[in-house]
Chemist: 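Got a structure for you, written out below as structure tokens; questions coming shortly.
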Amino acid sequence: MMNVFCKTLLASALASATLASAYAAEPLTVYGKLNVTAQSNDEGDESVTTIQSNASRFGVKGEFELSSSLEAFYTVEYEVDTGDDSKNNFLARNQFVGLKGDFGALSVGRNDTMLKVSQGKVDQFNDLSGDLKHLFKGENRLAQTATYMTPAFGDFKVGVTYAAEGDADQMSAGSDDGFSIAALYGDAKLKKTPFFASVAYDSDVKGYDVLRATVQGKVADLVLGGMYQQQEKSENGDSKNGFLLSAAYHMDAVVLKAQYQDMEDKGDSWSVGGDYKLGKPTKLLAFYTNRSIDGESSDDKYFGVGIEHKF
């Protein structure tokens, strides 16, 4: 049933996109990316070779002008797992609708929490085996949320996400209503500003309270970033501290990357890799990640090469 729905959505989106120029009042954008790697994954005593998808996705988004001071906006996005044996390989990602104007922007639906948004682009191995989510809590996308983002005050803005008690992830974690708040400064893509910083806090989101501070800056062709995180279970206050350091160096079409992450009583991880841009939407990539989990006799090791194409 899901596959039939998603095929219908795809056909409708492509047809609408074709007509978008004729109906400028209802713009619709079809977007997505395919990121696929050939990998060697050594976990514990097992080693396996895979051709796997890394958060490949398809989505549609758009805006509609309701008046001179009010716009409606929406996003409907799915993850597409090219490596899944099942043909029913669509998984829900961000799916929300909202209103924006001089007051800011308010959206409801399935969405990333503000704490997750606050990481910006500091994770150089996002969606790959070195993704920070393997050691840090707080990378949450919840189905029943309401998010408010203030208007920008210069390069500064604040956002808050409300996570409803009835959300399945909140219920399974034994959480009541949760809140995620973040203060953001600068451009996360480091295009409009050479510096990005944020402070964020989760209160009882999926059973955890999390404090996160992130900073990233660009000097010439070098991008440096860091993150500090304190996380504790909401029910017993068992607090742990961790940090992440990342770097990327741009040389024409090549980007060299490195990252180190550590979480108290959990483990540590380091990754190195590089991207080679073939064109604006397409790049080749390679990476190696070594993750050590406290109490485990051997490290987990991941080596992958692949291609990413955005559309």
Side-chain angles (χ1 to χ4, degrees), residues 37-55 79 81 83-84 91 112-113 115-116 118-119 122-142 163 167-175 178 180 200-215 225-247 257-273 286-306:
T37 52
Q39 288 194 205
S40 172
N41 301 329
D42 295 330
E43 300 177 319
D45 297 327
E46 296 185 1
S47 179
V48 62
T49 300
T50 63
I51 305 293
Q52 67 185 58
S53 177
N54 304 296
E79 179 176 339
D81 189 351
D84 193 338
L91 301 174
D112 294 338
T113 64
L115 184 131
K116 181 178 181 182
S118 75
Q119 70 166 274
V122 74
D123 186 357
Q124 294 292 346
F125 294 88
N126 183 48
D127 292 335
L128 301 175
S129 299
D131 193 305
L132 65 83
K133 68 181 180 182
H134 295 293
L135 292 180
F136 284 5
K137 297 294 183 180
E139 295 300 287
N140 298 315
R141 177 183 298 119
L142 302 177
D167 179 89
D169 287 334
Q170 288 291 97
M171 294 176 66
S172 63
S175 296
S180 180
Y201 182 72
D202 271 3
S203 175
D204 201 16
V205 177
K206 288 187 69 173
Y208 276 85
D209 298 335
V210 179
L211 173 65
R212 174 180 291 180
T214 303
V215 63
M227 176 185 289
Y228 168 80
Q229 177 152 315
Q230 182 182 83
Q231 58 191 45
E232 62 180 53
K233 292 184 178 180
S234 303
E235 60 183 17
N236 60 21
D238 183 17
S239 179
K240 307 295 181 185
N241 300 308
F243 68 91
L244 176 148
L245 299 172
S246 66
K257 303 185 291 185
Q259 186 160 292
Y260 178 77
Q261 184 183 8
D262 181 89
M263 174 53 71
E264 180 183 0
D265 294 338
K266 177 67 174 180
D268 60 72
S269 173
W270 59 269
S271 301
V272 292
F287 70 89
Y288 176 82
T289 292
N290 187 101
R291 184 160 56 246
S292 176
I293 301 298
D294 291 355
E296 298 292 333
S297 59
S298 60
D299 294 351
D300 296 334
K301 302 177 179 65
Y302 307 89
F303 172 71
V305 295

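Owing to the predicted nature of the structure, the values given are computational and were not obtained by experimental measurement.
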Chemist: Once rounded to the nearest 0.5 Å, what's the spacing between atom OG of S175 and atom CD of E235?
Modeler: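 One finds 8.5 Å between OG of S175 and CD of E235.
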Chemist: Scan side-chain atoms only and decide if N41 and E43 contain a donor-acceptor pair under the 3.5 Å cut-off.
Modeler: no
Chemist: K266: which residues meet the side-chain contact (heavy atoms from CB on, under 4.5 Å) condition with it, sequence neighbours left out?
Modeler: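 Residues passing side-chain contact (heavy atoms from CB on, under 4.5 Å) with K266: L135, M263.
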Chemist: Decide side-chain contact (heavy atoms from CB on, under 4.5 Å) for N140 and K116; before the verdict, give the C-alpha distance in whole Å, the side-chain angles of both, and the deciding distance to 0.1 Å.
Modeler: CA-CA 6 Å; N140 298 315; K116 181 178 181 182; 5.9 Å; no
Chemist: Quick one: does any side-chain atom of E79 pair with a main-chain N or O of N54 as donor and acceptor, under 3.5 Å?
Modeler: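 Side chain of E79 to backbone of N54, a donor-acceptor pair under 3.5 Å: no, none is there.
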Chemist: Name all residues meeting the ring-ring contact (aromatic ring centres under 6.0 Å, His included) criterion together with Y228; count only those two or more places apart in sequence or in a different chain, and write none if there are none.
Modeler: none
Chemist: Does a salt bridge link D112 with R141, judged by any charged N lying under 4.0 Å from a carboxylate O?
Modeler: yes
Chemist: For residues 287-296, which residue pairs pass the salt bridge (Lys or Arg N to Asp or Glu O under 4.0 Å) check, not counting sequence neighbours?
Modeler: none
Chemist: Do Q231 and D209 touch side chain to side chain, with heavy atoms closer than 4.5 Å?
Modeler: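 Of all side-chain heavy-atom pairs linking D209 with Q231, none is under 4.5 Å.
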Chemist: Report the residues that fulfil side chain to side chain donor-acceptor pair (under 3.5 Å) with Q124, sequence neighbours left out, ordered by chain and then residue number.
Modeler: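 Expected list: none.
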Chemist: Roughly how far, to the nearest 0.5 Å, is the OH atom of Y288 from the OG atom of S129?
Modeler: 11.5 Å
Chemist: How far apart are the C-alpha atoms of Q261 and F136, what are their side-chain angles, what is the distance that settles it, and do they pass the side-chain contact (heavy atoms from CB on, under 4.5 Å) test?
Modeler: CA-CA 9 Å; Q261 184 183 8; F136 284 5; 3.2 Å; yes
Chemist: Tell me whether E232 is salt-bridged to K137, with the criterion being a basic N under 4.0 Å from an acidic carboxylate O.
Modeler: no
Chemist: Quick one: CG on D268 to CD1 on I293, what's the gap to the nearest 0.5 Å?
Modeler: 8.0 Å
Chemist: Can you find a heavy atom in the side chain of Q229 that is under 4.5 Å from one in the side chain of L211?
Modeler: no
Chemist: Determine yes or no for a side-chain-to-main-chain donor-acceptor pair under 3.5 angstrom, with S180 supplying the side chain and L115 the backbone.
Modeler: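 Side chain of S180 to backbone of L115: a pair is present.
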Chemist: Are side-chain N/O atoms of D204 and S234 paired as donor and acceptor at under 3.5 Å?
Modeler: yes
Chemist: If the condition is salt bridge (charged side-chain N to carboxylate O under 4.0 Å, His left out), which residues does D42 pass it with, not counting sequence neighbours?
Modeler: none
Chemist: Quick one: are H134 and D300 in side-chain contact, heavy atoms under 4.5 Å?
Modeler: no
Chemist: Heavy-atom distance under 4.5 Å between the side chains of K301 and N290, does that happen here?
Modeler: yes
Chemist: For a 4.5 angstrom cut-off between non-hydrogen side-chain atoms, does Q230 reach V210?
Modeler: no
Chemist: Tell me if a side-chain donor or acceptor on D81 pairs with a main-chain N or O of G83 at a distance below 3.5 Å.
Modeler: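 Such a contact is found between D81 side chain and G83 backbone.
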Chemist: Distance check, rounded to the nearest 0.5 Å: Y302 atom OH versus S271 atom OG?
Modeler: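 OG of S271 is found 10.5 Å from OH of Y302.
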Chemist: Let me see the working for L245 and Q259 under side-chain contact (heavy atoms from CB on, under 4.5 Å), right down to the final yes or no.
Modeler: CA-CA 6 Å; L245 299 172; Q259 186 160 292; over 6 Å; no
Chemist: Going from OH on Y260 to OG on S246, what distance comes out if it is rounded to the nearest 0.5 angstrom?
Modeler: 14.0 Å
Chemist: Taking all non-hydrogen atoms of both residues into account, name the closest pair between S298 and G44 and its distance.
Modeler: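 What the structure gives for the nearest pair is OG-O, 3.6 Å.
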Chemist: What's the shortest heavy-atom distance between V305 and A286, and which atoms?
Modeler: CG1-CB, 3.8 Å
Chemist: Could you give me the CA-CA distance, side-chain angles and deciding distance for R212 and S118, then say whether side-chain contact (heavy atoms from CB on, under 4.5 Å) is met?
Modeler: CA-CA 8 Å; R212 174 180 291 180; S118 75; 3.9 Å; yes
Chemist: Centre of F287's six-membered ring, under 6.0 Å away, within 45 degrees of the axis: is that where NZ or CZ of K257 sits?
Modeler: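 Not flagged: K257 not positioned over aromatic ring of F287.
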Chemist: Any side-chain to backbone donor/acceptor pair from D202 onto V205? Under 3.5 Å, distance only.
Modeler: no
Chemist: How about CG on D45, more than 12 heavy atoms from neighbouring residues, nucleotides or ligands closer than 6.0 Å, or not?
Modeler: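 Atom CG in D45 is not crowded, with 12 or fewer foreign heavy atoms closer than 6.0 Å.
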Chemist: Enumerate the salt bridge (Lys or Arg N to Asp or Glu O under 4.0 Å) contacts for residues 122-135, please, sequence neighbours excluded, ordered by first and then second residue.
Modeler: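 Sorted result for residues 122-135: K33-D127, R57-D127.
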Chemist: Does T49 reach the side chain of Q39, with side-chain heavy atoms less than 4.5 Å apart?
Modeler: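 No; the side chains remain at least 4.5 Å from each other.
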Chemist: Roughly how far apart are L244 CG and L132 CG, rounded to 0.5 Å?
Modeler: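 With rounding to 0.5 Å, CG (L244) is 6.0 Å from CG (L132).
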